[in-house]
Amino acid sequence: MDSRLRFLLHKSLALQQTKQVHAQLLINRHNHLEPILLHQTLHFTKDFSRDVVSYIKRILKGFQSSKVSTFSWGCLVRFSSQHRKFKEALGLYIEMNNSGVPPSSHAVTSALRACGKVESLIDGNSVHAQVVKSGLCGCVYVQTGLVGLYSRLGYIQMAKKAFDEIGEKKNTVSWNSLLHGYLESGELEEARRVFDKIPEKDVVSWNLIISSYAKRGDMSNARALFLAMPLKSSASWNILIGGYVNCDEMELARTYFDAMPQKNSVSWITMISGYTKSGDVVSAEELFRQMSKKDKLVYDAMVACYAQNGKPEDALKLFSQMLESNSGVQPDEITLSSVVSASSQLGDTSFGTWVESYITQHGIQIDDLLSTSLIDLYMKGGEFDKAFKLFNDLHKKDTVSYSAMIMGCGINGLATEANRFFQEMIEKKILPNQVTFTGLLSAYSHSGHVQDGYKCFDSMKVHNVEPSADHYGVMVDMLGRAGRLEEAYELIKSMPMQPNAGVWGALLLASGLHNNVEFGEIACRHCVELESDHSGYLSHLANIYTSVGRWDDARSVRAKMEEKRLRKTLGCSWVEGSNH
DNA sequence: GCCTCGTTCC
């Protein structure tokens, strides 16, 4: 093998290049990739793609020697695991077993890590059993992997047992895995004792304990340890920043982010997703623009930011940029779930069909999260058959997927079906949340079942869900549609929190429906106080005046609208003018 | 071995 080829292999970062190099190898009458080069190729392949995996698998099929197969399958499983594709890694491990290839230590440790990450004790136990059978349990890495598995799953006694079995060979990674176990099971004092006993604490030992405090929201302890640690890695900074993000302390998060010497992609994503949760799209955008080398996850974070903050057009725009940029970023089920959510907000069902064909064309695995967003899309668009099929095929139905079904029924006025899903989730002990009740209430509202609506509203406390202003809004909408405006107004006055524009808007809408000037005026006054854009509300009020023949009042409201519109336009042009 | 991304509502 000449040195230039070797160099190319080392540098091959994408599948296309891998294929080209492989083609050259074939020309040079190497009929397969040498396993060691396969290992190196995968090591340098930055992006995980199912294309690479299926390509490598094809090569593997050609291997005859069992030693070579064991080694190469190990590389592949590890490749998947290292790219955080844990389900795929497990799938590959099982496939490897089914082909009769004995596992290597690489394959086993990666599989154990994957089991821990997807929190599957069943798979973990069978890998453990295999470890014992194949005689790999003398290997420190494998034993440490077992400690890590049981630690992550919260079986601290099992973890301790596996740890003790390592004996003298234990290293810092083994200690850290045990520390992780005590932290994960909440035994902080024991964790502290383990931490103090670690003979050579490394940066991960510190990071684990800091991360534990940060997850609990104990930022003063997290920060104290962060400042005390001798050497900080990027992960240390990211943990601290992430901790502040979780506590909604975006200013503090930003302070440490700005102070961080070498920000990596994780740092940027942590900040962007923090701004996403706090609804600060402008700051998220600003960071996104500043990033020089954007990877797929950063795009994902920004698309999600738009989708979650009511900017579906921007989400789709960025998604198409992502496709066009030719930077090798391939959207996957994570990207698509945000994209589907965005199209659902736009009410564009046709997009679902596009996504489904994209999924089949690119061999993307449709997981429960992507299914859930498709369910939401199809339910809203009235394509119940498709939604039901996806819902039935879910691996695990949860609060979110049930809520998507109930909400879809609600929007389409299918009160009976909404209630059926609700009863079903209660039977399965899946806890309803605020969204579930919004869906249920709107089902009763749209179908005019006032009595059931009241019952449902009252039952929220039983299910430990505090009614929000939005729930009151749906109730007002329901009573208003039924013509019970007085009752709706009384409900608003009884609200424990400040009524928002949605609540008053519902009353205004109902007043319009029943040509009621009295409540229309009250509702409109509050809406105007709460929202900056008045034109919609005022025009509603004007229509109410018109419908009862109060032309003069209608005219004066319209005049007020016109005046505001003009003042706004003039204001804007003056501001713009001052920029020049 | 530690840190980052996604689904339901407005």
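We use all heavy atoms of the structure for the numbers below, so side chains are in, but hydrogens, waters and symmetry mates are not. First the proteins, then the strands, lettered A, B, ... as listed; each starts at 1.
The CE-C1' distance, from A:Met379 to B:dT8, rounds to 12 Å in whole Å. The interatomic distance linking A:Ile272 (CD1) with B:dC3 (P) rounds to 20 Å, in whole Å. Across the protein-nucleic acid pair, A:Met322 atom CE and B:dG6 atom P stand 13 Å apart, rounded to whole Å. In this entry the distance linking CD1 of A:Ile210 with P of B:dG1 reads 20 Å, nearest Å. Between the C1' atom of B:dT4 and the NZ atom of A:Lys263 lies a distance of 16 Å, rounded to the nearest Å. Counting to the nearest Å, the P atom of B:dG6 and the OH atom of A:Tyr306 are 15 Å from each other. As rounded to whole Å, 19 Å separates atom P of B:dG1 from atom CD of A:Glu200. If you measure from atom NZ of A:Lys277 to atom P of B:dC10, you get 21 Å, rounded to the nearest angstrom.
Residue-level contact check: A:Thr270 touches the backbone only, with heavy atoms under 4.0 Å from sugar-phosphate atoms and none from bases. A:Asp368 comes within 4.0 angstrom of no nucleic acid atom, judged by non-hydrogen atoms across all strands. Residue-level contact check: A:Ser177 touches neither bases nor backbone, having no heavy atom under 4.0 Å from any strand.
Annotation: ring pair (Phe, Tyr, Trp, His ring centres under 6.0 Å) contacts of A:Phe163 (sequence neighbours excluded): A:Trp175.
Between A:Glu190 and A:Arg193 a salt bridge is recorded (basic side-chain N to carboxylate O distance below 4.0 Å). We find that A:Lys85 and A:Asp332 are joined by a salt bridge, their nearest charged nitrogen and carboxylate oxygen being less than 4.0 Å apart.
Taking 3.5 Å as the limit, the base of B:dG6 and the side chain of A:Asp332 contain no donor-acceptor pair of atoms between them.
Within the structure, a side-chain polar atom (N or O) of A:Lys215 is placed less than 4.0 Å from OP1 or OP2 of B:dC3. Within the 4.0 Å cut-off from OP1 or OP2 of B:dG6, not a single side-chain nitrogen or oxygen of A:Arg84 is found.
Aromatic ring centres of A:His463 and A:Phe437: separated by under 6.0 Å. Under the 6.0 Å cut-off for aromatic ring centres, A:Tyr378 and A:Phe384 do not qualify, their centroids lying 6.0 Å or more apart.
For A:Asp367, counting side-chain heavy atoms from C-beta on, the closest listed nucleotide (B:dT8, B:dG1, B:dG6) is B:dG6. Here B:dC3 is the nucleotide among B:dC3, B:dC2, B:dC5 with the atom lying nearest to any side-chain atom of A:Asn238. Of all nucleotides listed (B:dC2, B:dG6, B:dT4), B:dC2 comes nearest to the side chain of A:Leu208. Picking from B:dC3, B:dC2, B:dT8 the nucleotide with the shortest atom distance to the side chain of A:Val400 gives B:dT8. Of all nucleotides listed (B:dT4, B:dT8, B:dC5), B:dC5 comes nearest to the side chain of A:Ile334. Considering only the side chain of A:Gln308, B:dT7 comes nearest among B:dG1, B:dC5, B:dT7. Ranking B:dG1, B:dT8, B:dC5 by closeness to the A:Ser403 side chain, first place goes to B:dT8. Here the nucleotide nearest the side chain of A:Leu297, chosen from B:dG1, B:dC5, B:dC3, is B:dC5. Taking only side-chain atoms of A:Asn176, from C-beta outward, the nucleotide of B:dG1, B:dC5, B:dT8 with the closest atom is B:dG1. Nearest nucleotide to the side chain of A:Ser341, out of B:dG1, B:dC2, B:dT8: B:dT8.
The cationic group of A:Lys232 lies under 6.0 Å from the six-membered ring centre of A:Phe226 and within 45° of the ring axis, placing it in a cation-pi geometry.
Position along DNA chain B of the nearest nucleotide to A:Thr438 versus A:Val203 favours A:Val203 as the more 5'-ward residue.
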